[in-house]
Amino acid sequence: EDATEQWMKGRSQVDRGREGLTREEIAEWVRHAESLESKATCTPDISTRNDTLFQAAEIWERLVDDPRRALHAYERILEVNPRHADALSEAERLCAEGGFWDDLTNFYLQLISQTNDATARVEGYHQVARLQEEGQGERGQAFLTLQIAFREDVTNEKTAAELERLARG
């Protein structure tokens, strides 16, 4: 089979999902997803890297039934671009379905701790507060997180507005 035929066959299987796969076929998909993740590590082009990680995540979720590994693939995209809308959306969907909110919250806190850019940290705290409030139902914790963002930049209007909204209940 040439690469195009393999891709079409794989795409067709992903669309069908895990149903009907043997253990050996699932093990083959595990190897394929791991291979894609390795390829992504060696790929200098960010767009190609992201596409490869999306493919791996899709395999982890739909064929191997390992949503945590899928989440990890999306996190690798978010490490490079924390605002990548599709990766963020998929990561949050997996967290909602699997109850992995703590994982994503901790991931964002780790990203925040690794940047010296105050604006990026404040945006990161906004993301964490949103996850805490909407995903975990922890309004009080979201308020505390926004207070940290406020200390980072007391002039940020979004932070002030969110703090006020949460304080009003």
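Residue numbers count from 1 along this sequence.
With rounding to the nearest 0.5 angstrom, the CG atom of L144 is 9.5 Å from the CG atom of L163. The CZ atom of R49 lies 13.0 Å from the CG atom of L36; values are rounded to the nearest 0.5 Å. Rounded to the nearest 0.5 angstrom, L146 CG and Q141 CD are separated by 10.5 Å. A distance of 11.5 Å separates CZ in R69 from CD1 in I59, rounded to the nearest 0.5 Å. I26 contributes atom CD1, which lies 8.5 Å from atom CZ of R23 (distance to the nearest 0.5 angstrom). Rounded to the nearest 0.5 angstrom, N106 CG and W101 CH2 are separated by 13.5 Å.
Of all heavy-atom pairs between A73 and A57, the closest is CB-CB, 3.8 Å. When all heavy atoms of A91 and L71 are compared, the pair lying nearest together is CB-CD1, 3.7 Å. Among all heavy-atom pairs drawn from A56 and A33, the shortest one is CB-O, 3.9 Å. The shortest non-hydrogen separation linking I77 to A87 is CG2-CB, 3.7 Å. A70 approaches L94 most closely through the heavy-atom pair CB-CD1, 3.7 Å.
Between the W29 side chain and the L63 main chain, no donor and acceptor come within less than 3.5 Å of each other. In this structure, T48 contributes its side chain and P44 its backbone to no donor-acceptor pair below 3.5 Å.
With sequence neighbours left out, the salt bridge (charged side-chain N to carboxylate O under 4.0 Å, His left out) criterion links E162 to R165. For H84, the ring-ring contact (aromatic ring centres under 6.0 Å, His included) partners two or more places apart in sequence, or in a different chain, are F54. Here N116 pairs with nothing under the side chain to side chain donor-acceptor pair (under 3.5 Å) rule; sequence neighbours left out. In this structure, the side chain to side chain donor-acceptor pair (under 3.5 Å) partners of R93, at least two apart in sequence or on a different chain, are E61, E90, E97. R168 meets the salt bridge (charged side-chain N to carboxylate O under 4.0 Å, His left out) test with E164; sequence neighbours excluded. With sequence neighbours excluded, the residues that form a side chain to side chain contact (heavy atoms under 4.5 Å, CB included) with E79 are R76, F107, L111. Judged as a salt bridge (charged side-chain N to carboxylate O under 4.0 Å, His left out), and not counting sequence neighbours, the contacts of R130 are E92, E134. Annotation: ring-ring contact (aromatic ring centres under 6.0 Å, His included) contacts of H72 (sequence neighbours excluded): none. Taking S89 as the reference, nothing meets the side chain to side chain contact (heavy atoms under 4.5 Å, CB included) condition, with sequence neighbours excluded. Residues forming a side chain to side chain donor-acceptor pair (under 3.5 Å) with T119 (at least two apart in sequence, or on another chain): none. In this structure, the side chain to side chain contact (heavy atoms under 4.5 Å, CB included) partners of A149, at least two apart in sequence or on a different chain, are V122, Y125, H126, T159.
One hydrophobic cluster, built from ILVMFWY side chains closer than 4.5 Å, cannot hold both L166 and I148; they sit in different ones. Tracing side-chain contacts under 4.5 Å through hydrophobic residues (I, L, V, M, F, W, Y), one never reaches W60 starting from L53; they form parts of separate clusters. In the hydrophobic cluster analysis, where Ile, Leu, Val, Met, Phe, Trp and Tyr join through side-chain heavy atoms closer than 4.5 angstrom, L88 is grouped together with L109.
Taking 4.5 Å as the limit, every side-chain heavy atom of Y74 sits out of range of all side-chain heavy atoms of L104.
For residues 140-154, the salt bridge (Lys or Arg N to Asp or Glu O under 4.0 Å) pairs, not counting sequence neighbours, are R121-E152.
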